[in-house]
Each structure stands twice: as C-alpha cells, then as structure tokens.
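Worksheet: one structure, shown below.
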Amino acid sequence: MGNEIRKEQDYLDKVMATVAEQISEVEADTSKRKDEVITMRKHFWDDLKVNMDTFDDYLETIIGMRQQAQDLSVSQSTHRYASERLKRLKRLEKTPYFGRIDFHEEGTEAAEEIRIGVSTLMEEANDDILIYDWRAPVSSVYYDYPPGSAAYDTPEGMIEGELEKKYQYIIKGGTLESMFDTSITIGDEILQQVLGQGSNPYMHSIVATIQREQNKIIRHDRKKLLIVQGAAGSGKTSAALQRIAYILYKYRETLLASEIVLFSPNQMFSSYVSHVLPELGEENMQQETFQGYLEYRLGDSFDVEDPYDQLEYLLEGTDDPFYKTRKASIAFKSSASFFDAIRGYQKALETAGMIFKGLRFRGEMLVSAVEISEYFYSNDTSLTFPHRIERLGDWLLKLIEETEEKEKQKSWVQEEIELLSKDELQQVFKKIQKSEDADEDSFDFHDKEKELLVRMVVRRRLKPLREKVKRLQFINMKKLYWQLFDGKVESLGGFELPEAWIEVCAITKESLANGRLFQEDATPYLLLQELIQGFHSNTAIKHVFIDEAQDYSVFQFEFLRRLFPAARMTVLGDFNQAIFAHSDHFEDFHSLTGLYGEEETESIILERSYRSTKQIIEFTRELIPEGQQIKAFEREGEKPELSVVPDQGALNREIAGEVNRLKERGASTVAVICKSAAESERAFEALRGLDGVKLVRKNSDEYERGVVVIPAYLAKGIEFDAVIIYNASNEVYSEESLRRLFYTACTRAMHHLHLYSVGKPSAFLTDRSEEFIIQK
C-alpha cells in the first residue's frame with residue numbers, strides 16, 4: 001500500500017499543479033473580460049454614430065446599435081463562463097477528488113485509472129481527463145459496483161468491463177491524508193468521519209459518500225413518477241438535491257435550473273438546503289411552499305389558514321366543542337373521494353346550478369345574475385366548460401361596448417368633462433394633433449376634441465367593469481363553493497360522507513362567511529375554480545420535487561399533477577413522520593401510482609438511517625410499528641437518557657443545566673423540541689436565561705446554530721447535534737395520534753438525545769424501550 005500511496009501523492013501533485021496553473025490563467029482571463037465589459041458599457045455610445053437624417057442613416061444607426069449590443073452580450077457571456085470556470089477550479093483546489101476506480105473496458109488492453117471529483121479537470125495540452133465529474137456515466141461504476149464485472153450506460157449504449165479496484169481518499173490542502181481500498185460499497189471510514197462531525201446551518205453535498213441505493217435515486221431517468229420512501233435520516237433530501245444536480249448536468253443543453261421546482265415544508269427548510277447546488281457548481285432550482293402557492297392564488301379573496309395553524313389547533317384545541325367535527329372535515333376534504341366530488345359537482349354545473357354576479361353601472365343593473373345564467377345555459381353546451389365561460393365573457397364585454405355608446409349621450413358625461421384637469425385636456429389635444437391635420441380653428445377639430453373627451457370619460461368609468469369581466473369576477477366562486485355544503489354533495493351521490501357531515505357543512509359555511517378558508521378547503525376551492533375558469537397549468541416546469549410528501553393529501557397530489565402537466569415528479573417522504581390529520585387516511589404512497597399509471601411509476605425504499613448514532617436509532621425505532629425494518633449505520637455513541645422530574649420548575653432547571661453541559665461538550669446546535677408552538681412559547685419564557693437561546697416560529701426564515709426552542713413539526717427535515725425533548729410525559733404525549741410527532745422529534749438528534757418527563761413518561765416508551773435508554 002505504501003507504493004500505492006506514494007504513486008497517488010505524485011498524481012495528486014500533478015493535479016494540484018494543473019489546477020493552480022489553470023486558476024492563474026483563468027483569473028487573468030476573467031479580469032481581462034471584466035475590464036472589457038466595463039469599458040464597453042462605459043463607451044457604448046462613444047463608438048456609435050447616431051444619425052437620423054435619412055432612412056438610410058436611420059437604418060445604419062439601428063444596425064450599429066444592434067452590433068454594439070451583440071458585442072457587449074458576447075463579452076458578458078464570455079466573462080460569465082470564465083467566472084463559473086474559476087469557481088469550479090477553486091472548488092477543485094480544496095478537494096480535487098475523493099474516489100478512484102480502475103476499470104478495464106472490454107476490448108481494451110489495460111484498466112484505466114479514473115479519479116472522481118465534483119467537477120471535470122482536463123490537461124489542456126493533450127485533452128487528457130485528470131478528474132471525472134461524479135455525474136459522468138462512468139462514475140456510476142464507483143457508486144454501484146464492488147470489484148468484479150461492471151457496466152455503465154452511455155448515450156451510445158452500455159459499456160461493460162471489469163472493475164479491478166476501488167479507492168476512497170481524504171485530501172486536504174493538497175496532501176493525501178488517507179487512502180482506503182474499498183471492496184463492497186463506499187467505505188465506512190469516510191462516511192464515519194462525515195457523520196461524526198457536528199451539524200451545520202446548511203445541508204451540504206454528499207457526493208463523496210453517496211450509497212448505492214441513493215445513487216439509484218440520483219440517476220433514475222426512466223419513469224414520470226419516482227417515489228422515495230425512506231426512514232428518518234436515510235438521506236432522502238440529500239439524494240434528491242444530488243439528483244437535481246445530476247439532471248442539470250446530463251441535460252445541460254436543454255434544461256435550466258428555473259425549469260425545476262422543489263416544494264419544501266417551510267422557508268427555514270428552504271434556507272437549510274439552499275447551499276447544496278451552488279456547492280456543486282449549479283444554480284439553485286426554484287423553491288416554493290405549497291402554502292405560498294395557495295396564498296398567491298387565493299390570498300386576495302380569503303384569509304387562508306396555513307397547515308401549521310391547522311396542526312396547532314389539532315394539538316392544542318382538544319377542548320373546543322367542534323374539535324371532532326373539524327377532524328372529520330380535514331379527513332374527508334383531503335381524500336380522493338372529495339376530489340371526485342369536486343369534479344362531479346363541476347360536471348353537474350354544466351347543465352344547472354352556476355351562480356353569477358350581476359353587473360352594475362352607476363347604480364343601475366346592466367345585466368342581472370339571472371340574465372347571465374340564462375345566456376350561459378342557452379349557449380352551445382357541446383363546448384368545454386372553460387370555453388363556454390370564455391364565450392360568456394365575450395358576450396358581457398359586447399354588452400359593455402353597447403353601454404358605452406348609450407352612455408356617451410347622457411348628461412353626466414358633460415359634467416365630468418368639465419371637471420377634467422388641465423393635464424387630461426392637454427393629453428386629448430396632443431392626441432388629436434398627432435392623428436389629424438385639421439386646423440385648430442375648424443369645427444372638425446373641436447368636434448374631434450369633444451368626441452375624444454366623451455370617449456375617454458366613458459371608457460374610464462367602464463374600465464373597472466371590463467377588468468372585472470376579463471378576470472371572470474362575474475362568477476360567484478364563494479357561493480359556488482358554499483353551495484357544495486348546502487346539499488349539493490349529498491345530491492351527487494356515490495360518496496361515503498362522515499357521520500358529522502351536517503356539522504362539517506355548518507363550520508365550513510361559517511368560515512366562508514367570515515372570509516376565512518380552512519387549510520383543508522383551500523386546495524378543493526382552488527380546484528373548483530380551475531375546473532370552471534380553466535386550469536392555470538405551468539408547462540414550463542420540467543421536474544417537480546416534493547419533499548416531506550407524507551404531509552400532502554391525495555387531493556393535493558392530484559392538483560399538482562394537473563398544475564404541472566409536462567413535468568416528471570419526484571416524491572420523497574416517510575410515513576412514520578406523517579403528522580398532519582389527513583395522514584391517518586393516507587398510509588403509504590401506493591395510491592399515488594394512479595397519478596401517472598403503474599407503468600410510469602417507480603418506488604425506491606431507503607431502510608438505512610445515517611443521521612443518528614446506532615444507539616439513538618435502536619431507541620427511536622422502538623417507538624413506531626415495523627420500526628425494526630430501519631437499519632442503523634454502525635456509528636457508536638451514547639444511549640439516549642430519560643429524566644423524570646417532579647414538577648415544571650424542576651423541569652426547566654434540569655433542562656437549563658443540561659443545555660450548558662452539552663455546549664461544554666462541543667454541541668454547536670442544541671434543540672429543545674416541544675409538542676406545539678404553544679408549548680414552545682411557554683418553554684422559551686422559562687429558558688430565557690440561557691445564553692443565546694432562540695425561539696423558532698413558523699415564519700422563521702433561517703436555520704441558525706446555537707440553542708433553539710422549536711415545535712416538533714418545524715424541526716422536520718433538520719438535524720441537531722443534541723436534542724432535548726421538553727416534556728415526554730404521558731400527560732403531553734398520551735394520544736396515539738401523537739406517536740409519529742414524538743418519533744419525528746426524537747429522530748432529529750445526531751449525537752445526543754435526552755428526554756425529560758414531568759411525572760409518568762409517555763406510554764410510547766414501553767418496557768422494551770428501557771433496554772435502549774438510560775433512566776435517571
């Protein structure tokens with residue numbers, strides 16, 4: 001091995017020298033290109049002869065301007081390319097490569113040594129590739145095969161051969177610190193080092209430690225729907241982000257980062273994952289929350305409840321007399337049955353039941369709701385529903401045009417003309433001068449002036465009415481949705497309604513009357529609006545990624561498929577962390593196969609968890625049914641601890657002391673995780689004395705280091721060096737519906753987990769749990 005290490009250090013020295021040489025060249029080129037761009041911008045007009053005397057002079061000027069603009073654009077593109085190349089080389093300067101395969105391709109004389117890193121590096125003198133990008137086809141052999149027969153797919157076909165050796169490296173500052181001969185998978189040594197580090201305010205690239213099952217996710221390119229179901233800490237999100245980087249690399253000629261959208265659970269999570277793609281030299285994809293989209297579409301009409309407020313109600317509102325009714329409402333409105341009910345309702349509206357708003361002008365009815373309805377249902381029923389609505393809008397605009405002609409003769413018009421400002425009169429005067437050669441003193445000129453003034457006044461007054469029609473605001477959407485809960489759903493038939501359906505209808509109508517839309521009503525309302533008015537589909541998006549997918553309802557998935565009809569979809573989730581009310585009726589992703597059909601759906605299950613120590617995983621998997629399927633990565637640590645305290649005062653004192661001890665031991669992120677936002681507020685008030693403690697709320701934008709107090713549902717997807725469960729008592733965690741929330745909270749811990757309980761601990765901690773926990 002000694003000779004191999006010396007040989008590898010020689011190769012590394014050659015790579016570092018090449019990187020240094022190219023950095024020097026590109027820095028000089030980048031500086032030169034930057035100066036060129038600045039100079040061209042500064043002197044853009046100096047080199048341009050502007051002459052408008054004749055048509056030929058004008059044409060020559062325009063051609064010159066276009067040429068100057070084109071030259072500037074080329075210089076800017078060249079500078080941008082040089083800057084991006086410099087960034088890639090700077091990344092290689094830190095860690096040029098992390099792996100190597102010796103691959104003997106069939107039909108060749110000897111094996112080729114292939115080093116793998118975050119970017120390709122070539123020797124400019126002879127075009128030899130010194131480092132292959134981890135996304136290159138041949139690099140898949142590194143992730144997918146042990147030594148022996150191996151193959152990789154290329155655009156030209158499958159390349160087969162023999163993988164003779166596989167190595168991993170730890171390189172720092174141009175020095176080869178460690179070199180591992182790996183026989184089966186990506187070696188545990190590097191993965192141990194990565195996982196043993198403290199948590200970071202940003203998620204980072206995992207290219208050096210991608211496991212075989214994660215590589216399947218990253219390079220999947222066959223089906224329209226990829227479903228990834230994985231245990232907490234199994235690397236679902238990391239693999240998804242590497243997948244985005246891979247797709248951008250593979251389709252770099254035809255795909256832009258802006259054509260990919262990732263739906264994240266909240267803004268804090270978006271901040272947490274925002275550094276992965278830039279670290280790999282790619283632009284970030286679009287990031288959105290589904291709630292953000294709902295508010296964008298419906299926020300002008302309603303106060304839209306967000307999912308965290310909904311969950312907070314379910315966690316803290318158990319004493320509310322309508323609590324059971326609300327749970328029934330959430331379950332039914334999130335189901336595929338209600339989706340079918342909305343579509344059935346829209347179908348029924350094709351023949352009867354549409355509700356419109358009449359149009360008024362100056363206090364008088366221009367056309368009544370009844371007249372609009374009569375026209376709508378007397379029109380061609382063979383057209384699609386949105387097309388019929390479009391025809392109806394055209395008819396209403398025509399009525400407004402007729403009204404304009406009638407109103408021109410009325411006395412109010414002259415009264416408004418007399419109130420016009422000098423500027424408004426001057427605008428009309430200039431318009432006539434441009435369009436007419438009439439003498440200002442002639443009758444023709446003054447007639448034209450009066451005609452324009454009349455038209456301007458009437459059109460200005462009718463403009464809001466025209467805008468209302470163009471925006472389809474003559475449809476009474478609120479009453480149409482209300483009508484669903486006024487006997488309409490029952491009349492559709494074929495649906496098993498909840499026992500408390502009458503009560504569900506009552507609270508829904510009350511909420512609508514108050515201008516508030518329950519979270520479970522938002523997507524159904526928007527779907528009904530889209531079915532009636534025409535779908536606002538986005539065909540520009542080519543890939544949709546949905547993280548924490550277990551928190552979406554079947555209804556929402558159906559809606560997203562229609563919203564992005566041209567996109568492939570990657571869905572990532574863990575039903576053991578399904579904490580929202582509708583999750584009780586959506587137990588796995590099998591029902592999603594209907595989105596694109598089984599032939600266009602592929603599922604991958606990740607069973608191994610990497611986030612937490614072996615001891616924490618052995619404890620947490622006891623909290624959930626079928627938890628034994630979760631496999632722990634062999635990283636040793638301390639057993640979780642459980643402390644039972646007599647009262648709230650003792651709880652806060654004990655936790656404050658434990659936080660300080662954890663910080664002294666080097667924990668850079670400590671999370672005190674509570675059941676709800678309400679409990680978090682109380683805990684934060686009690687722990688204010690801790691140095692630098694912060695309260696994380698639903699509108700927090702960034703994940704910060706230090707000590708945080710946070711509700712369990714906001715901690716999803718994020719990891720901490722140490723986790724303290726604020727009060728794991730049976731009083732707080734008694735309902736079976738809270739088991740997944742409790743599990744989610746415990747699985748945020750990387751190295752240390754300490755549970756506190758005021759009195760008797762939760763029944764989730766069984767006798768078997770005692771085997772994996774230290775009780776104090």
Side-chain angles (χ1 to χ4, degrees), residues 198-203 264-274 289 291-292 305-317 548 551 577 579-580 643 645 647-663 667-729 731-733 738 741-742 744-750 752-758:
S199 63
N200 196 286
Y202 301 108
M203 181 181 283
S264 300
N266 51 56
Q267 290 302 324
M268 185 173 68
F269 184 86
S270 296
S271 166
Y272 180 56
V273 303
S274 64
T289 64
Q291 179 65 16
E305 179 189 44
D306 71 41
Y308 295 124
D309 284 342
Q310 183 198 67
L311 183 56
E312 191 69 19
Y313 170 81
L314 294 174
L315 294 173
E316 296 288 332
E548 301 294 347
D551 293 339
Q577 299 179 68
I579 59 176
F580 290 95
S643 297
V645 296
D647 54 44
Q648 201 72 33
L651 173 71
N652 296 321
R653 287 192 299 274
E654 289 279 338
I655 288 177
E658 178 67 357
V659 168
N660 288 327
R661 284 190 292 274
L662 287 165
K663 288 168 69 177
S668 60
T669 54
V670 180
V672 179
I673 301 185
C674 303
K675 182 181 85 168
S676 64
E679 187 182 64
S680 296
E681 294 275 0
R682 296 191 294 269
F684 178 69
E685 286 301 318
L687 299 171
R688 268 186 184 278
L690 286 170
D691 183 37
V693 65
K694 305 177 190 74
L695 175 64
V696 178
R697 295 183 171 90
K698 67 177 183 180
N699 54 357
S700 297
D701 288 333
E702 292 191 13
Y703 163 51
E704 300 181 68
R705 299 175 78 83
V707 182
V708 297
V709 180
I710 184 171
Y713 53 78
L714 287 182
K716 290 182 67 170
I718 299 175
E719 56 195 25
F720 306 90
D721 291 332
V723 165
I724 293 170
I725 304 299
Y726 183 69
N727 187 359
S729 69
E731 183 181 349
V732 176
Y733 292 99
L738 297 174
L741 188 73
F742 188 72
T744 300
C746 293
T747 55
R748 301 306 94 200
M750 294 175 64
H752 309 283
L753 174 62
H754 199 145
L755 298 87
Y756 285 86
S757 174
V758 178

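As the structure is a prediction and not an experimental result, all values here were calculated from the model.
Crowding of Asp691 atom CG: a count of heavy atoms from other residues, nucleotides or ligands under 6.0 Å not exceeding 12. A 6.0 Å sphere centred on CD of Gln648 holds more than 12 heavy atoms belonging to other residues, nucleotides or ligands.
Applying the ring pair (Phe, Tyr, Trp, His ring centres under 6.0 Å) rule to Tyr756 yields the partners His754; only residues at least two apart in sequence or on another chain are considered.
Note: Leu315 CG to Lys675 NZ = 5.5 Å, rounded to the nearest 0.5 Å. The structure places CD of Glu719 at 10.5 Å from OG1 of Thr747, a figure rounded to the nearest 0.5 Å. How far CZ of Phe269 is from OG1 of Thr289: 12.5 Å, rounded to the nearest 0.5 Å. Here Asn699 contributes atom CG and Gln267 contributes atom CD; the two are 10.5 Å apart, rounded to the nearest 0.5 Å. To the nearest 0.5 Å, the span separating CD on Glu548 from OH on Tyr713 amounts to 15.0 Å. Taking CE of Met268 as the start and OG of Ser270 as the end, the distance is 10.0 Å to the nearest 0.5 Å.
Considering every non-hydrogen atom in both Ala712 and Leu741, the closest pair reads CB-CD1, 3.7 Å. When all heavy atoms of Arg705 and Ser668 are compared, the closest pair comes out as NH2-OG, 2.8 Å. Residues Ala728 and Tyr733 approach most closely at CA-CD1, 3.9 Å, considering heavy atoms. Across Tyr308 and Pro265, no two heavy atoms sit closer than the pair OH-O, 3.1 Å. Closest approach of Ser676 and Glu316 over heavy atoms only: OG-OE2, 2.5 Å. When all heavy atoms of Val709 and Ser680 are compared, the pair lying nearest together is CG1-O, 3.6 Å.
Side-chain atoms of Thr669 come within 3.5 Å of backbone atoms of Asp721 as a donor-acceptor pair (strictly under, hydrogens ignored). With hydrogens and angles ignored, the 3.5 Å screen pairs a side-chain donor or acceptor of Lys716 with a backbone N or O of Gln577. Side chain of Glu679 to main chain of Pro711: no donor-acceptor pair is present (N/O by atom type, distance under 3.5 Å, no hydrogens or angles). Of the possible donor and acceptor atoms, one in the side chain of Asn727 sits under 3.5 Å from a partner among the backbone N and O of Val758. Glu658 places no side-chain N or O within donor-acceptor distance of the main-chain N or O of Ile724, the cut-off being under 3.5 Å.
Checked options Val723, Ile725, Ile673; the residue passing with Cys746 is Ile725 (criterion: side chain to side chain contact (heavy atoms under 4.5 Å, CB included)).
Using a 4.5 Å heavy-atom cutoff, the side chains of Asn652 and Tyr726 are in contact. Side-chain contact between Ile718 and Arg748 is absent, with no heavy-atom pair separated by less than 4.5 Å.
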Hey, mind stepping through Lys663 and Val707 against side-chain contact (heavy atoms from CB on, under 4.5 Å) and telling me if it holds? CA-CA 9 Å; Lys663 288 168 69 177; Val707 182; 3.8 Å; yes

